[in-house]
Number of protein chains: 4
Amino acid sequence: MPPEYIEPIPRADLHLKGKREQTKAQNREMILEAARRVFAELGYGAATVRDIIRTTPLASGTFYNYFRSKEEVFQAIQDESALRIRPRLHEERAKAQSIEEFISGTFRTFFEFVANDEANFRAIHRNTDTLRVRMDTAEIIAGFQELREDLETAIAKGLLPPVDADFLMAALIGVAFELAERMLRREFADTNATAEFATALFMGGIRALPNVPSLAPPANA
Amino acid sequence: MPPEYIEPIPRADLHLKGKREQTKAQNREMILEAARRVFAELGYGAATVRDIIRTTPLASGTFYNYFRSKEEVFQAIQDESALRIRPRLHEERAKAQSIEEFISGTFRTFFEFVANDEANFRAIHRNTDTLRVRMDTAEIIAGFQELREDLETAIAKGLLPPVDADFLMAALIGVAFELAERMLRREFADTNATAEFATALFMGGIRALPNVPSLAPPANA
Amino acid sequence: MPPEYIEPIPRADLHLKGKREQTKAQNREMILEAARRVFAELGYGAATVRDIIRTTPLASGTFYNYFRSKEEVFQAIQDESALRIRPRLHEERAKAQSIEEFISGTFRTFFEFVANDEANFRAIHRNTDTLRVRMDTAEIIAGFQELREDLETAIAKGLLPPVDADFLMAALIGVAFELAERMLRREFADTNATAEFATALFMGGIRALPNVPSLAPPANA
Amino acid sequence: MPPEYIEPIPRADLHLKGKREQTKAQNREMILEAARRVFAELGYGAATVRDIIRTTPLASGTFYNYFRSKEEVFQAIQDESALRIRPRLHEERAKAQSIEEFISGTFRTFFEFVANDEANFRAIHRNTDTLRVRMDTAEIIAGFQELREDLETAIAKGLLPPVDADFLMAALIGVAFELAERMLRREFADTNATAEFATALFMGGIRALPNVPSLAPPANA
DNA sequence: GATGAATGAGAATTCATTCAT
DNA sequence: TATGAATGAATTCTCATTCAT
């Protein structure tokens, strides 16, 4: 039931390093890729390290030369994703000249990332045992926190009315993940349409929000 | 680390049955309660049947007189919750005379339920192993589907503009769960404020949504 | 997979006792009958007490009013069989006027018993887990021992030549059980033909046996 | 109560393989040997995988690197025995020029095998829980079938009179196992005497058997 | 006596991780 | 560094037996 082994695609960007280095990097990537597929298919709980390495030409012991534990490889997947998307999202929002750009830039970037990185998204967000999973690594929490800070900055700059930034962040995230999920279930993942839907919702909604500051404790999200 | 055993509260509503019956009902409830606490604390993946039964004065074998597996007890918790809230939500939406009543009724009912039923909500929605969990039992999927159908009915009645009901459902659910989570983290769970926030967001937002029917396959949500 | 409950046949011979007594005897017989069928189908190892009482209208606790353990009920089945057949076999051999009567009486009686009491025979002799089982209760060992003594008596009386009685007993028993098994597998259990085969074999064979006394320790079989 | 761990005898025939291979082969043999002893002492039903592994310096999980279950190791023991003796028996019978050679060759080979391989024989044939066990693996059934076919061939060649080959096979097997059992209980296992006894019995007996073909279904034994 | 739920020791098995080669 | 067998703690689950009703 776990995915079969698939011959690794040689990566052009590995050419320059020494052979040793190269193999090491390749093995690491192999394991990550295998883990992504296995987690996506079986879910974190049900997946075993053996499932992962079985999808690989490597031996089980080799796994531990690259990752200290099953959890570490899971976190690596998450962080890799979060690390790649966080700066993009932040940049998008930083350069926003209007609330519209802020919102639509966030959603567009997110949905495009999800569509192009479906395996990662699924590995993190999906789970078999009848359960769906969401993430909580340091990287991701930091990403949430950053969004909230960006919202507060936008309020300070007068770009946004003084709404509850904590709740607004939550609403943005809830909508982003839930719509992403729905989008991926459709025949054709129309990132534009999805982003437009979400943007319209928030553009219309934000104006109507009660103008009160957040009641959440400011420091820890 | 799993919660300690806590003396069960004697229930007045058990007076009428025979002692045998009463003990059975109590034991079942004991196990459910223990499971709720253990899932909330450790998450579904990390929790073991032993953790659950240890939180109880019962013997390990007794668990299996009531539930066939960890999964079954988890589903029982989910279904119990969903079974209790689904009719309330549906009723609220059915009697709505306006879009405002539809949206605000839904959120208000949901946040009140969550606040009063925190243990259940946490057992289902939270998860430690670095993961958070969301629900996918038949009952809950049915609840989602029902919301979508209620939205479609509202569109047909002209209560709502002809928006993508599948996406709107997803947005409502994403916001509901994510705000609930945030609400519970605050010192005082202000269900009114939370419902107002969510309602305002959608009341403003819905008007702005693109007027197109859902692109999702209509039958299976 | 274990046999279904079958309404008990009321036994005429229970009429005379008091109602209490009667029920007790009936329950005992019910359990024995159920055990016979369950052991025959699943084998002693795989059969559980629950399997047995499930085949009965009784409750699990009731089992222990009649038998102290699973083993005890198994022994009761064995002893019941052995107790019923032993005197018949012994009598048959005691009244034998010739070696022919001795041998043929033994086999005929045994095969008829087996054919009429197939459930008992199977309960004792068969076993699923891929295994076949033979019996070793006190009653049965006593039966083997009795056969050996009867052989020795026959030798003393000059009915039989002075052969190794221990080995002859073993040969008789081996042939008896193995042929019984084969006989029951055939479409029609022809006890006469089977007895004739076995008798002919031994009638011819005994004459040819080396005339030496048994080398086995005489006391314990 | 299960046997204690006994230091393994270093095998000369393992010299050539690599250390890894060697250890693997040794461990497998260790487990088999332990299983033989445990089955012989406790019987198949009562023996547990834990009993087997405890008799070994290995860890419990290691058992499952070699055998999938208790049943599998039991079958391995049986098949190992059957695999070793079957060709010898068949060969013995094939080269028989007379009925005497056929019968005596069979018994002599069998009793010698049993005496030299007592642990295996006991592991398979003995059983405590009040039960004795006989074997039914594919290998062994095939061995029985082969005996029957050899008998039929002998009949066709005129070596044997046209008797019921199925019953004759059963009688040979019953006598072989039952005498083997008795033989092992004696102070000194005299395979010659035992084989002579059995041979004499059948040599005399076969001549007396009714001359009819088998009534058993020919295909499956 | 009958009932059937509770008990808890113990079985089989899994699997993350270690470690000798 | 790669290998893959060994490890053994931990888990799920069964079931003979007990015991309150």
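The figures that follow rest on heavy atoms only: side chains count, while hydrogens, waters and symmetry mates do not. Just so you know, these numbers come straight off a predicted model, no measurement behind them. Each chain gets a letter, A, B and so on, in the order the sequences are listed, and its residues count up from 1.
- The distance from atom CE of Met30(D) to atom C1' of dA6(F) is 13 Å, rounded to the nearest whole Å.
- Not counting sequence neighbours, the partners of Thr48(C) by the side chain to side chain donor-acceptor pair (under 3.5 Å) test are Asp51(C).
- The separation between Lys24(B) atom NZ and dT21(F) atom P is 16 Å, rounded to whole Å.
- The separation between Leu58(C) atom CG and dG1(E) atom P is 14 Å, rounded to whole Å.
- With rounding to whole Å, Asn27(D) atom CG is found 17 Å from dG4(F) atom P.
- Among the atoms of the strands shown, none is found under 4.0 Å from any heavy atom of Phe67(B).
- The shortest distance between side-chain heavy atoms of Phe63(D) and Thr56(D) does not fall below 4.5 Å.
- For Lys24(D), the NZ atom is loosely surrounded, since the number of other residues' heavy atoms within 6.0 Å does not exceed 12.
- Atom CD1 of Ile31(B) and atom OG1 of Thr55(B) lie 11.0 Å apart (nearest 0.5 Å).
- Rounded to whole Å, the distance from CD1 on Ile52(B) to P on dT12(F) is 8 Å.
- Residues satisfying the side chain to side chain donor-acceptor pair (under 3.5 Å) test with Thr23(D), not counting sequence neighbours, are none.
- In DNA chain E, the stems built from three or more successive Watson-Crick or G-U pairs (distances below 3.5 Å) are E:2-21 with F:2-21.
- For Gln26(D) and dA5(F), the CD to P distance is 16 Å, given to the nearest whole Å.
- Applying the salt bridge (Lys or Arg N to Asp or Glu O under 4.0 Å) rule to Glu80(D) yields the partners Arg36(D), Arg84(D); only residues at least two apart in sequence or on another chain are considered.
- Interatomic distance, CE of Met30(B) versus CD1 of Ile53(B), reported as 9.5 Å (0.5 Å rounding).
- Taking Tyr66(C) as the reference, Asn27(C) meet the side chain to side chain donor-acceptor pair (under 3.5 Å) condition, with sequence neighbours excluded.
- Taking atom CD of Gln22(D) as the reference point, atom P of dA5(F) lies 16 Å away to the nearest angstrom.
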With the criterion being N/O to N/O and under 3.5 Å, what pairs connect the protein with nucleotides 14-18 of chain E, and how long is each?
unit_1: dA16(E); atom_1: OP2; unit_2: Val49(A); atom_2: N; d: 2.7
unit_1: dT17(E); atom_1: OP2; unit_2: Tyr64(A); atom_2: OH; d: 3.1
unit_1: dT17(E); atom_1: OP2; unit_2: Lys70(A); atom_2: N; d: 3.4

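- Across the protein-nucleic acid pair, Ile31(D) atom CD1 and dA6(F) atom C1' stand 11 Å apart, rounded to whole Å.
- For Arg68(B), the salt bridge (Lys or Arg N to Asp or Glu O under 4.0 Å) test picks out Glu72(B), with sequence neighbours left out.
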